[in-house]
Structure formats: structure tokens, C-alpha cells
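The structure appears right after this line, and notes come after that.
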Amino acid sequence: MILAVLALHPLAAPALVAPLLGVAAQESTTAESSAAPDVERARWRDRERELLRKIAELESALRVEQQRSLQRQQEWIAYTRLLRGFELPALPDPPEFIAEALVEAPDPKEEAEERRRERLRERAASIQSSLDALLRVEGLRGLDVLEVGWLHDYEGRTWTGPVVARLLDDRGRVVGMLKSDRMRLEVGRASRTVTLVLESGYESRAGMRSPFEGGAWLPPEAGGTGRSVVGGVRRVFLGSVDPEPWIEALPELVDPEELEPVLDDGTWDLADVRVRLVRLLRDAATSGDPSWRLVAIGGVRGDVLRDVQFAELDAITGRPRRRVFADTARLVVRDAGGIEIRLRDGTVRSGERVAPFLRGRYRIVLPRADVEAWQASPLPGIAPPPMRPATEPDAGENQRPAVR
């Protein structure tokens, strides 16, 4: 019909064709949009069927491998059972040169390091046993050292560590723990005392941990883990004990100066030093300073007095109020005037009470002492030693006459 109309009215063809083509295009687009979801669904159904097929293939292959594995295990069990029924002859050892050739040559550095470590292990075990024995001999039941670590150097001294010790009460029950990075000994020959010096550690009691005096917990930003302590010192005073067995058994942990038996180097006349010091102390007491008296002196090495004992006298009765024992003493001129005697490694005894030096130090201050008189005496540490005249050998019957 449309063709007939176009044939009859050729001029009306464009006006009629355009609407008809628009309607046809709209119908075609609608058909395509409705067909797109069907195509997408068909594609996903094909993909799903493909994946299910692959899953079925993989499950089948897994079942086959499981069956093969079980079969191999059963075959291996049967094979080993069969071998047990045979008596196999012992194989001969390979030739010695083959065995030596198969061994790798050791590294000399590793061998030396291993020997060093073995010596440290042996010495650590020896220190542990010696320390336990010394504590038992002296009857010191309040401390039980569990670990002493290995010997190592720190700030020019030999220490051992890390150290772990238990604190015990009078019944032997554990009341606390001590842990430190290192430990050494302070021994006093003059005062006959021994002190364990623990550094960089903490004490634990009733679940509470406290760093040693002067120490602090290392913060996490500095690499701390909540159990690391920086600095701090804990001094365990063992009381009045003979230091010689401790020095002999644990020489590495003792101050090297204490290992040298020589107390006097002969630079000073010991008798003159004693007389001068007694007189100057008496003069200082007359000037208003505390009354101190030199009781004993073991020797002089350089400008240091060794094995000294001082007594503070009561101003009324003249009897000793307290005695101070120290391994070393130095005479120092104070900037503010007067004299100061600096003592190290010792004890203060008052009656029956014995107390170690606080942090190993003690001072006798004489603020009214005449400095010029002390310097003119002279004394070690304040003035140089006096020149001694050369002594000539005595002529005796055993002296051979000079040959002219």
C-alpha cells in the first residue's frame, strides 16, 4: 500500500518516508535493548558451566592423587616390613683418606673464637662455684647468686654479668630478686670487708620492680622493652669478712691495686709521715676541728696512704667515738680552706655497729687546719717527697777492703 501511494504521489514521498523510517528505527532499538540482557545472561551461564566443569576435573584429579599417595604409603610399609626379614651384612668403613677428604677444613678464626668462649664458660662456672662456697663459708644466707654471666671489660675494669640473684629471709624463703648487667667486688683489707657492686639493674619484691639507685627504665623510643635499665648501682655489703679468700678466688673482679701485695714503695719515710700526721691532726683539733687521731697506716704508694685507720675522739673523755677503716686515703687541700682526707673502700664502726662507706667513699673534713703547716711538713699528696741522703754501706767484717 505504501508503495502504491508513493507511486501515485512522487512529491509526497519524502514527507511520508521520514516518519515511517523513525518508527522502524525506534522499534529496532527497543528490540536490541531487550535482547542485551538475554545475551549477557547466556554468557554468564556459559562461564558458570565452564567453571563447574573445571572444579569437577580438579576434584577428580585430587581424588586420584590421594589414592596414589595412599597406595605409595602402603607399598613403602610393605617394603620396609620385607627388609626387616633380611639380615644385611655390616658395610665396611670407608678408607681414612676419604673420610679426611670429606671433612671441611676448619676456620682458624672460628677455632680461636670457640677456644676463647670455652675458656669463658669454664671460668664462669668456676666463679659461680667459688662465689657459692665463699657465701656459705661466711654464713651469708641472705643472698643466693643463681647466674654470674661471663667475664668482660667495661670502662677499664673487669666485670662479670649478667647476674641474677635471689634475696632470702632468715628462714631461707625467697623475698626478692636482683638482676644486673654486671658485677664486681670491693674488698677492704684494712676494714676486712667485702662488698658486691651491681650496676645497671633492678630489684624485684612482691611483683614490684625498682631500678638501682641512680638508674632509670629505658624508654621504648630508645629501644627499651620495659625491662631494660640504664645506670644505677646497688651495693650489697657482706659485712666483716676476711677479704683474702675472695681476692684469691676471684682476682678478676677485684681492683688491680688490691692485688698488689706491696703497700709501701719506699718513697716516703713511713715513720716520719705517721708522726707528722698525728701532730697536724692534734693541732687541727686544737683550732676547733673535730678531734681525729691516726691509729694505723700500712704504707704509702705514690701520694696515697694505704691501709689506714682513723679514730674520732670524744672531746670530753678522749675515748674513741667511732673508728674509720679504709684501704686508701688521700690528703687534699680544700679550695675553701683547710684540709680534707678522702677515704675509699672501708667501713665506719661505732660500738658494735659496722656500716660501709656510702658509695665506697668517706671524707674527714678539717676546715680550720693550717694549710701552710701541712704543706711545710711535708705529706703525700700535699707536697713532693723529701730528698733522702744517700746512705753509705757500713764497714764490717764481711765487707771486702777496697783494692788499691
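Under the side chain to side chain donor-acceptor pair (under 3.5 Å) criterion, the residue pairs touching residues 239-253 are Arg123-Glu252, Arg189-Glu244, with sequence neighbours excluded. Pairs engaging residues 285-336 under the ring pair (Phe, Tyr, Trp, His ring centres under 6.0 Å) rule: none recorded [sequence neighbours left out]. A salt bridge (charged side-chain N to carboxylate O under 4.0 Å, His left out) check over residues 364-385, counting only residues at least two apart or in different chains, returns the pairs Asp289-Arg368. A salt bridge (charged side-chain N to carboxylate O under 4.0 Å, His left out) check over residues 145-162, counting only residues at least two apart or in different chains, returns nothing. Screening residues 124-146 for salt bridge (charged side-chain N to carboxylate O under 4.0 Å, His left out), with sequence neighbours left out, gives Asp144-Arg166. Evaluation of the ring pair (Phe, Tyr, Trp, His ring centres under 6.0 Å) test over residues 58-77, restricted to residues two or more places apart or in two chains, returns Trp76-Tyr79.
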| task | Assess whether salt bridge (Lys or Arg N to Asp or Glu O under 4.0 Å) is satisfied between Glu50 and Arg47, documenting all intermediate values. | result | CA-CA 5 Å; Glu50 182 181 358; Arg47 178 62 175 168; 3.6 Å; yes

| query | Would Leu379 and Leu280 satisfy side chain to side chain contact (heavy atoms under 4.5 Å, CB included), going step by step from the backbone distance to the final call? | reply | CA-CA 10 Å; Leu379 287 172; Leu280 291 170; 3.5 Å; yes

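When all heavy atoms are compared, the tightest approach of Asp264 to Arg301 is N-CG, 4.0 Å. Minimum interatomic distance between Pro378 and Trp268 (heavy atoms only, all atoms of both residues): O-CZ3, 3.8 Å. Smallest separation of non-hydrogen atoms from Gly302 and Asp265: N-OD2, 2.7 Å.
With sequence neighbours excluded, the residues satisfying side chain to side chain contact (heavy atoms under 4.5 Å, CB included) with Val64 are Arg68. Residues passing the side-chain hydrogen bond (donor to acceptor under 3.5 Å, both in side chains) test with Thr193 are Ser191, sequence neighbours excluded. With sequence neighbours excluded, the residues satisfying ring pair (Phe, Tyr, Trp, His ring centres under 6.0 Å) with Phe357 are Tyr362. Thr328 pairs by the side chain to side chain contact (heavy atoms under 4.5 Å, CB included) definition with Val304, Arg306, Arg344, not counting sequence neighbours. Residues passing the side-chain hydrogen bond (donor to acceptor under 3.5 Å, both in side chains) test with Arg116 are Glu113, sequence neighbours excluded.
Using a distance-only test at 3.5 Å, with no hydrogens or angles considered, no donor-acceptor pair links the side chain of Asp303 to the main chain of Arg330. Panel note: side chain Trp159, backbone Tyr154; a donor-acceptor pair is recorded below 3.5 Å. Of the possible donor and acceptor atoms, one in the side chain of Arg276 sits under 3.5 Å from a partner among the backbone N and O of Ser377. The backbone N or O of Val148 sits less than 3.5 Å from a side-chain atom of Thr160, completing a donor-acceptor pair.
Arg45 and Glu48 are not joined by a salt bridge, as no carboxylate oxygen comes within less than 4.0 angstrom of a charged side-chain nitrogen. Ion pairing of Arg43 with Asp46 is absent here, as no side-chain N (NZ or NE/NH1/NH2) approaches a carboxylate O to less than 4.0 Å. Using a 4.0 Å cut-off between charged side-chain N and carboxylate O, Glu118 and Arg121 make a salt bridge.
Taking CZ of Arg119 as the start and CD of Glu114 as the end, the distance is 10.5 Å to the nearest 0.5 Å.
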Return all side-chain donor-acceptor pairs below 3.5 angstrom for residues 170-177, not counting sequence neighbours, or 'none' if the list is empty.
from, atom 1, to, atom 2, distance (Å)
Arg173, NE, Asp169, OD2, 2.8
Arg173, NH2, Asp169, OD2, 3.1

